[in-house]
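Note: hydrogens, waters and symmetry copies are ignored here, and every other heavy atom, side chains too, is used. Every chain is numbered from 1, with letters handed out A, B, ... down the list of sequences.
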2 protein chains.
Amino acid sequence: MSHEPARPKYQRIADDLRASIDRGEYQPGDRLPGENSLAADFGVAPLTVRQALGLLRAEGLVDSRKGSGVFVQSFRPIRRRGIHRLRRDGWGSGQTIWSADDDRSPDVDQINVHEDVAPPEHIARVLGLADEETSCVRGRRYSMDGRPVMLATSYLPQTLVAGSPITQAETGPGGIYARLADLGHEPVRFREEIRSRMPTGEEAARLSIPADRTVLKLVRTAFDAEGRVVEINDMTLDSAAYVLDYEFDA
Amino acid sequence: MSHEPARPKYQRIADDLRASIDRGEYQPGDRLPGENSLAADFGVAPLTVRQALGLLRAEGLVDSRKGSGVFVQSFRPIRRRGIHRLRRDGWGSGQTIWSADDDRSPDVDQINVHEDVAPPEHIARVLGLADEETSCVRGRRYSMDGRPVMLATSYLPQTLVAGSPITQAETGPGGIYARLADLGHEPVRFREEIRSRMPTGEEAARLSIPADRTVLKLVRTAFDAEGRVVEINDMTLDSAAYVLDYEFDA
DNA sequence: CAGTGGTCTAGACCACCAA
DNA sequence: TGGTGGTCTAGACCACTGC
């Protein structure tokens, strides 16, 4: 008889609370009992309950507000489609694994544009910049229902975009890809690379997420018809807010 | 004069250690000083150092072994290409954001096949199964250099694959997609959906990851030429082990 | 058997929020 | 002003590793 190694208390408590939330005993927006109260209920020390809540918070299931309490996150992830393409009729509808909000337009703030900036080394390399060559950097933040969900920073070769609307805060209809097309460098191919890591202090602050919630780094590289890299968009996503979606033919 | 709210000690210590690792002061495989030693160095309590190490462990930067120490993870993520397509010459080479191992073949174990299984409700819905209709379930685990990196479970309609090699552990050259083609249901289109969440206890155990390391859920849905869903592959990835890569035309 | 990390306890002080 | 979560301390016991 092989007895399983006991799963630690704090993990069992996390599983308990997660199950309660999944069963709907706590609805989105509801406040969980206080830590001391939970500690008494489960018969453990407050710190043990804190560890359990830490797992749920890192996961994005709950959101704890200092001085107020721990609240169940309303979980409606955003579906981000990486490949936009007309769908044949009858395909795709209702056949996704996770329900998620689709095609809603987020609010944008913290827009800033800087010209003649030396980008990070790994960006400069992929952009194919020569030594001393600079870039135009466009930053912004996206929010959904008042909740920040993504930071994005675009890097473009300075020599390519100097004097164009791309160096302005407002780039006009179609955005910077339309303006790149105006300049004869329409993006025709993209690469998106995705990794998971901890947020920096600044990222956590701007996204209003706890320090132990991982973010998804999503870096989109845009190529023009000659195969030149014309833009790199470095995105930082709240990992609890998104479902990424890619569709493609065999 | 707005003074920034002080970043907590444990986060500053985590940043310190992360920077030391990035600078190469600790090489992959190296053992970090013990918790008590670090606590003395930083002038804080052992638990505070533990919190800092917890962040690095959740991130996958370090790996702590009970009774032995905390070791820097050798960081060589695996590049998983979601879209296989011939690249035009000169594209893509050396232009990726993150360096990663490419096209290495992982080891596979924990292979199991079960027929006539009732799949989870959300799988049954996407598979388009009628009530009581069952599926064939194929599970396996992938490892790289002895380190488990991914769990995968495929669900196929039982009526579609009954009696075919798909119900065997060994499916033959080309795998189950080739066998589906033999059956007249070649997959011609795919959807991949990606989410981040905490591992279950079983997932953490099979992947040998700590309970606070997020996993990436990657669910691939395969459609045949008639638009029927012929397979769902539910994958669980160690988020610290992978770079996901998608390339596509505008 | 000495040292390590994993878990857990008891309790302190603080900033913040709501009544 | 009382309760909340956030941080931090001091210390206990255990399982495991490696000498």
Discussion item. By the 4.0 Å heavy-atom rule, please label B/Arg65 as base, sugar-phosphate, or nothing.
Written reply: sugar-phosphate
I'd like to know if the side chain of [X] pairs up with that of [Y] as donor and acceptor (distance under 3.5 Å, no hydrogens or angles considered).
X        : Y        : answer
B/Gln110 : B/Arg140 : no
A/Ser196 : A/Lys217 : no
A/Asp234 : A/Thr153 : no

Practice prompt. Kindly say whether B/Gln27 contributes a backbone atom to a donor-acceptor pair with the side chain of B/Asp30 at under 3.5 angstrom?
Written response: yes
Discussion item. On DNA chain C, compare the nucleotides closest to B/Leu47 and B/Leu53; which residue's is nearer the 5' end?
Written reply: B/Leu53
Whole angstrom value for the distance that separates [atom2] of [N] from [atom1] of [X]:
X       : N      : atom1 : atom2 : value
A/Leu38 : D/dG3  : CG    : C1'   : 14 Å
B/Lys66 : D/dC16 : NZ    : C1'   : 6 Å
A/Arg57 : D/dG5  : CZ    : P     : 10 Å

Practice prompt. Determine, stepwise, if the pair A/Glu192 / A/Tyr246 fulfils side chain to side chain donor-acceptor pair (under 3.5 Å).
Written response: CA-CA 10 Å; A/Glu192 295 195 349; A/Tyr246 294 90; 2.5 Å; yes
Fill in: Nucleotide interval of DNA chain C bounded by contacts with chain B (heavy-atom cut-off, under 4.0 Å)
C/dG3 to C/dT7
Worksheet item: For B/Tyr242, is the NZ or CZ atom of B/Arg80 found under 6.0 angstrom from the centre of its six-membered ring and inside 45 degrees of the ring axis?
Response: no
